[in-house]
Amino acid sequence: MVKYGLDYTRCRWILPLLLGIGVIFGIIALAGRGWLESQTLPYVQQASLWQNCRRPEQGGEWSCESLMGYAWGRAAAATYLVGFLLLVICFALAIIAFAIDTLRFNFIRGIGGLLFVAAVFSIMGLVIYPVKFSSDIEMTGINMFSWAYGFGWTTAIMEICLGFFFCCLPNYEDQILGNVKPTYFYSSP
């Protein structure tokens with residue numbers, strides 16, 4: 001990306017595209033019912049960020065209770081949701097920043113800083129949830145934190161990595177804009 005500059009058609013939209021993928025992963029984590037699931041038969045417990053569902057036996061009816069009745073449930077949902085909303089704002093700002101012909105590198109660095117703040121909020125929610133869930137709610141059988149919880153962590157990791165990219169990109173401003181004279185390592189005899 002640095003070699004060809006951000007005006008290179010295929011490289012210009014890589015960072016906003018990665019932010020968009022992070023937003024999709026965040027939506028999957030928020031809507032997914034697989035934050036905690038039973039690991040073995042009979043599958044008797046399944047939880048999301050919003051509710052915990054159980055059934056007494058294999059063929060029984062699921063009974064669900066909201067996690068919003070617990071202070072930690074509201075805290076975990078709120079912090080993860082704030083991190084997700086900051087990620088969506090960064091995605092919109094990145095599209096605006098990269099759509100403008102002349103890049104504003106300080107603006108891009110600000111997006112990186114905001115991504116770090118989003119990562120902090122997301123990680124807070126991802127840590128509060130398992131610690132308090134396993135201590136306050138009685139779990140039946142062998143349970144595991146599952147696929148939707150993994151998507152939440154993937155979103156947080158993407159926020160951190162993309163934050164570094166957005167913060168470090170202005171350091172290569174001259175190379176990106178093509179203001180550096182190329183260096184050749186070949187010398188004639």
Side-chain angles (χ1 to χ4, degrees), residues 15-94 109-168:
L15 292 176
L17 175 71
L18 289 173
L19 275 176
I21 292 170
V23 168
I24 291 170
F25 286 174
I27 291 170
I28 292 171
L30 284 169
R33 291 186 58 116
W35 278 57
L36 180 114
E37 292 180 331
S38 298
Q39 187 174 1
T40 57
L41 285 173
Y43 298 112
V44 294
Q45 188 159 6
Q46 184 179 41
S48 68
L49 181 60
W50 312 103
Q51 64 183 357
N52 179 32
C53 298
R54 298 173 190 233
R55 64 179 169 183
E57 68 265 350
Q58 181 64 25
E61 293 271 331
W62 287 97
S63 64
C64 297
E65 70 168 323
S66 175
L67 295 178
M68 298 302 111
Y70 298 96
W72 61 264
R74 290 189 302 272
T79 54
Y80 189 79
L81 196 58
V82 166
F84 175 73
L85 290 176
L86 289 174
L87 176 65
V88 171
I89 290 169
C90 288
F91 176 62
L93 291 175
R109 188 169 277 155
I111 294 171
L114 196 57
L115 279 169
F116 285 124
V117 173
V120 167
F121 277 105
S122 296
I123 290 171
M124 283 172 36
L126 290 166
V127 169
I128 291 170
Y129 183 85
V131 170
K132 296 306 286 181
F133 191 99
S134 60
S135 67
D136 286 358
I137 295 180
E138 180 184 338
M139 292 190 275
T140 309
I142 300 171
N143 298 294
M144 64 178 175
F145 290 97
S146 191
W147 59 273
Y149 185 69
F151 273 107
W153 273 107
T154 303
T155 303
I157 291 169
M158 286 182 76
E159 289 168 347
I160 293 169
C161 294
L162 288 170
F164 278 114
F165 276 115
F166 275 93
C167 284
C168 293

Distance (rounded to the nearest 0.5 Å) between C53 SG and L36 CG: 11.0 Å

Using modelled atom types and a 3.5 Å cut-off, is there a donor and acceptor pairing between side-chain atoms of R54 and backbone atoms of S63? no

Are F165 and L18 close enough that some pair of their side-chain heavy atoms sits under 4.5 Å apart? no

Which heavy-atom pair separates M68 from L49 by the least distance, and what is that distance? CE-O, 3.7 Å

Using 0.5 Å steps for rounding, measure from the CD1 atom of I89 to the CG atom of L114. 6.5 Å

Which class fits the ring pair Y149 and W153: parallel under 30°, tilted 30 to 60°, perpendicular over 60°? perpendicular

Shortest non-hydrogen pair, A94 vs P16, comes out as O-CG, 4.1 Å

To the nearest 0.5 Å, what is the distance between CG on L162 and CZ on F116? 9.5 Å

To the nearest 0.5 Å, atom CD1 of I24 lies from atom CZ of F151 at 10.5 Å

Tell me the closest heavy-atom pair linking N52 and A47, and the distance in Å. OD1-CB, 3.7 Å

Using the rule given for side-chain contact (heavy atoms from CB on, under 4.5 Å), can you reason through L67 versus Y129, listing the C-alpha separation, both sets of side-chain angles and the distance that settles it, and then say yes or no? CA-CA 10 Å; L67 295 178; Y129 183 85; 3.8 Å; yes

Where is the tightest heavy-atom contact between C90 and I111, given as atom of each residue plus distance? SG-O, 3.8 Å

Any side-chain to backbone donor/acceptor pair from W35 onto A29? Under 3.5 Å, distance only. yes

Less than 4.5 Å apart, side chain to side chain, heavy atoms only: is that true for F166 and L19? yes

Verify whether the ring centers belonging to F84 and F121 lie closer than 6.0 Å. no

Closest non-hydrogen atom pair, G26 against T155: N-OG1, 3.2 Å

Rounding to 0.5 Å, atoms CD1 (I123) and OG1 (T79) come to a distance of 11.0 Å

Could you tell me whether the side chain of Y70 reaches within less than 4.5 Å of the side chain of K132, counting heavy atoms only? no

Quick check for you: to the nearest 0.5 Å, what is the distance between L17 atom CG and F91 atom CZ? 8.0 Å

Backbone of R33 reached by a side-chain donor or acceptor of W147 within 3.5 Å: no

Under 3.5 Å, is there a donor-acceptor pair between the side chain of R109 and the main chain of C167? yes

Looking at every non-hydrogen atom in both residues, tell me the closest pair between Q51 and C64 and how far apart they are. OE1-CB, 3.8 Å

Close side-chain approach of W72 and V131, heavy atoms under 4.5 Å: no

